[in-house]
There are 2 protein chains.
Amino acid sequence: MADVARAAGVSMATTSRALNDQPGVAPATRERVLEVARQHAYVVSPAASTLSGGATRRIAVVVPHLSRWFFGEVLEGIDATLRGAGYDLMLYRVGEGADRDSFFELLPARRKVDGVLVVGIPASEAEQERLTTMGVQIVAAGGQVAPYPTVSIDDHGAGRQAVNHLVNLGHRRIAMIDAIDPNASHWPVAGRALAFTEAREERDLDPDPELFQRVPWSARHGAEAMAALLALDEPPTAVLAHSDELAIGALHTIRRAGLDTPRDISVVGIDDHPLSEELDLTTVRQDVREQGRLAARMLLDGLAGLDQAPWTVLPTRLVIRGTTGRPRQG
Amino acid sequence: MADVARAAGVSMATTSRALNDQPGVAPATRERVLEVARQHAYVVSPAASTLSGGATRRIAVVVPHLSRWFFGEVLEGIDATLRGAGYDLMLYRVGEGADRDSFFELLPARRKVDGVLVVGIPASEAEQERLTTMGVQIVAAGGQVAPYPTVSIDDHGAGRQAVNHLVNLGHRRIAMIDAIDPNASHWPVAGRALAFTEAREERDLDPDPELFQRVPWSARHGAEAMAALLALDEPPTAVLAHSDELAIGALHTIRRAGLDTPRDISVVGIDDHPLSEELDLTTVRQDVREQGRLAARMLLDGLAGLDQAPWTVLPTRLVIRGTTGRPRQG
DNA sequence: CTGTTAGCGCATTCAA
DNA sequence: TTGAATGCGCTAACAG
């Protein structure tokens, strides 16, 4: 930078200010500095900036999975917002247990990032406090309630939209295939299952406990759960799946059994996975990418000292496609 | 670090050496320094290390997409290897055009990372040169041939495995649904289509050009392409899809048309997408996560000054499931 | 509006 | 094997 300063005939301080869009530089001077910098193909060293008390202009994004559609989609949104603001994205995939602990232990102390975006897993109060006391902003995204700024959908409401759709079609013997994430000690999106159990009482559904299946998150497990449901003495007339991936597995079991949707059984999922449109799956749509965008925006706002909404809830919408219909004998 | 040095009764130089596992420190001294550092919950400032001539211990991973299964899976592999080596992962999603240019322009000059892992998109020679001259290592992963270390599958071979399977079953009127990525100027995995066109000649297949469809990468487009194929005067008896996502779309069109696989038509994909097992799709399996692991390992080796394999090709394997069989009048 | 000065925290010479 | 000194490149006070 010294070279640029000299070539522009100004001091390093002015150069720094010009390069960082800071106030207190005459427009003409600023332009001259910028021009010289361009000629020298000069770019500031982020390491030096950081060391000198500045920020890192890096954001850590913490996810429990990478190969699942939801997380990729959130990342797209986060990436777009961060890049637009000139921030870099550091990706951390942390599971539960040791590597998670070490993550929350080491990251803030090392001052590697200005903020943390936690996606899909709740950070404990201790972890949160650890971050904020180190001056690191934190925002969460994706199905959870947290004591810090959060953007998510209303999982409980989404579950209701799905169940109500089935109930309104006339179904009474409704099953749910719920998901449990083996990689998470707390399951953030219990709201979907809650909506189901509530509806069971409020809308006078068949309370048979065998109609509630809980399996790991995968199409295969969805298929197995569906097989178990079909094996019941009296199979359900409709199934609510915690996610589209589970629903897709269920659909396949139904087909293999020689049954048809929605003639023999209805299936509704939640998410609106890219393949769902093609598989004609009725589902509750959420805008995942937008959640990423918003969460990143909130984090950036916090970094800028602006007020943040404490909890933003994005709407969901029932998308009726071909896998749901009235039960057989109306 | 000064505090630690004082508390341990040694100089900063010794402290630095001890903390960085460098030679020239008496075991006893090293242990004492480490112990003091632990008590003080001290961690080195990466910014200061970098500034002082050290490396960043950061790797940039460049991908064209984030919400597609393949890229999430590669990232899982990369992340695992990088984390194990104590490196951080900076994620860059770059498309084509302006933001891509600016990426390759700015990243190396800013010395933000020690190396770059390019996934799924070929870097031009100019871009590659720009990186290496700035002292940044580069390794590629995923379906492409590049003038620098690369790990991929043999796309041509994978295509062959798929076509041969169909030919061996007795099919002669075989169609291909190829993928074109609207986000990429160069399409790296042309090998799959090449295998198809070659087999057409070598194995005496029906050369009807209408049997070759090329569509954007999505289940929906796969479905549309399949509809076009079914609308032909003489539909194919088998279809090779460039990827499982396209194949899944095709399968759905087939079902909607009241046809059955493999009775009326056979379908084979490439990838072994997580949903393929559940949908019983015959496919050619590739180990995507391993590609990520290996690519990261190669990059790390290069950084360490070790020899790198110039081009590593991972095996693929035909997985015969329920969507392929002999043609109707065998 | 601009310049001067003083660190930021570490790795690395070169001596001892 | 260890220590003292130097500089990495920049930003933030403070002065002018």
Side-chain angles (χ1 to χ4, degrees), chain A residues 1-37 40-58 86 88 106-114 134-135 303 305, chain B residues 1-37 40-58 86 88 106 108-114 134-135 303:
Chain A
M1 179 186 283
D3 299 346
V4 174
R6 204 173 310 115
V10 295
S11 71
M12 276 190 55
T14 300
T15 308
S16 173
R17 284 190 280 254
L19 257 28
N20 293 332
D21 278 329
Q22 289 201 1
V25 183
T29 312
R30 181 187 306 273
E31 191 46 56
R32 184 152 38 90
V33 172
L34 260 36
E35 176 54 27
V36 172
H40 290 226
Y42 168 81
V43 282
V44 300
S45 154
S49 301
T50 302
L51 183 56
S52 176
T56 66
R57 294 199 77 78
R58 266 174 254 137
D88 285 319
L106 258 33
L107 187 79
R110 299 206 164 189
R111 298 210 174 285
K112 289 182 169 180
V113 297
D114 299 336
M134 298 299 290
L303 252 25
Chain B
M1 178 186 278
D3 299 345
V4 174
R6 205 173 310 115
V10 294
S11 72
M12 275 190 57
T14 301
T15 308
S16 174
R17 286 190 278 254
L19 258 27
N20 293 336
D21 278 329
Q22 289 204 0
V25 184
T29 311
R30 180 187 307 275
E31 190 46 55
R32 184 152 39 90
V33 171
L34 260 35
E35 175 54 28
V36 173
H40 290 226
Y42 167 82
V43 282
V44 299
S45 154
S49 298
T50 302
L51 183 56
S52 176
T56 65
R57 295 200 75 79
R58 265 174 256 138
D88 284 320
L106 291 175
R110 297 208 164 187
R111 299 206 175 288
K112 287 182 171 180
V113 296
D114 299 335
M134 297 299 291
L303 252 26

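Here is the naming used below: chain letters follow the sequence lines, and residue numbers restart at 1 for every chain. Please read these numbers as outputs of a predicted model, since none were measured by experiment. For the numbers below, each heavy atom of this structure counts, side chains included, while hydrogens, waters and symmetry mates do not.
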Base, sugar-phosphate, or nothing for G53(A), non-hydrogen atoms under 4.0 angstrom?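 No contact at all - G53(A) keeps every heavy atom at 4.0 Å or more from the nucleic acid.
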Determine the contact category for T29(B): base if any of its heavy atoms lies under 4.0 Å from a base atom, sugar-phosphate if only primed atoms, P, OP1 or OP2 are that close, otherwise nothing.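 Sugar-phosphate, no base atom in range.
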Rounded distance (Å) that lies between atom [atom2] of [N] and atom [atom1] of [X]:
X      : N       : atom1 : atom2 : answer
D21(B) : dA11(C) : CG    : P     : 12 Å
R57(A) : dT11(D) : CZ    : P     : 11 Å
L51(B) : dC10(C) : CG    : C1'   : 8 Å
R32(A) : dC1(C)  : CZ    : P     : 14 Å
N20(A) : dC10(D) : CG    : C1'   : 9 Å
L19(A) : dC10(D) : CG    : C1'   : 11 Å

Contacts of T56(B) that satisfy side-chain contact (heavy atoms from CB on, under 4.5 Å) - sequence neighbours left out: T50(B), R58(B), D114(B)
Taking all non-hydrogen atoms of both residues, which atom of V36(B) and which atom of A7(B) are closest, and how far apart?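 What the structure gives for the nearest pair is CG1-CB, 3.6 Å.
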By nearest nucleotide on DNA chain D, pick out whichever of A48(B) and A26(B) is the more 5' one.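 It is A26(B), whose closest nucleotide lies nearer the 5' terminus.
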For P27(B) and P46(A), take the nucleotide of DNA chain D holding the closest heavy atom to each; which residue's nucleotide lies nearer the 5' end?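 Result of the comparison: P27(B).
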If you only use heavy atoms from C-beta on, which nucleotide in [options] is closest to the side chain of [X]?
X      : options                   : value
R17(B) : dC10(C), dC10(D), dT13(C) : dT13(C)
Q22(A) : dT2(C), dG9(D), dA12(D)   : dA12(D)
S52(A) : dT2(C), dC8(C), dT1(D)    : dC8(C)

How long is the span from the CZ atom in R6(A) to the CE atom in M1(A), to the nearest 0.5 Å?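 Those atoms lie 13.0 Å apart.
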Calculate, to the nearest 0.5 Å, the distance between atoms CG and OG1 belonging to L34(B) and T15(B) respectively. 10.5 Å
Show me the side-chain donor-acceptor pairs of residues 16-27 of chain A shorter than 3.5 Å, one per line, residues at least two apart or across chains.
from	atom 1	to	atom 2	distance (Å)
N20(A)	ND2	S16(A)	O	3.3

For the side chain of R111(A) and the base of dG9(C), is some donor closer than 3.5 Å to an acceptor across the two? no
Assess whether one donor atom and one acceptor atom, taken from the side chain of S49(A) and the base of dG9(D), lie less than 3.5 Å apart.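 Counting by modelled atom types and ignoring angles, no donor-acceptor contact under 3.5 Å is found here.
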So if I take residues 4-16 of chain A and measure heavy-atom distances to DNA chain C, which residues fall below 4.0 Å? G9(A), V10(A), S11(A), A13(A), T14(A)
Are K112(B) and P46(A) packed together at the side-chain level, in the sense that at least one heavy-atom pair is separated by less than 4.5 angstrom? yes
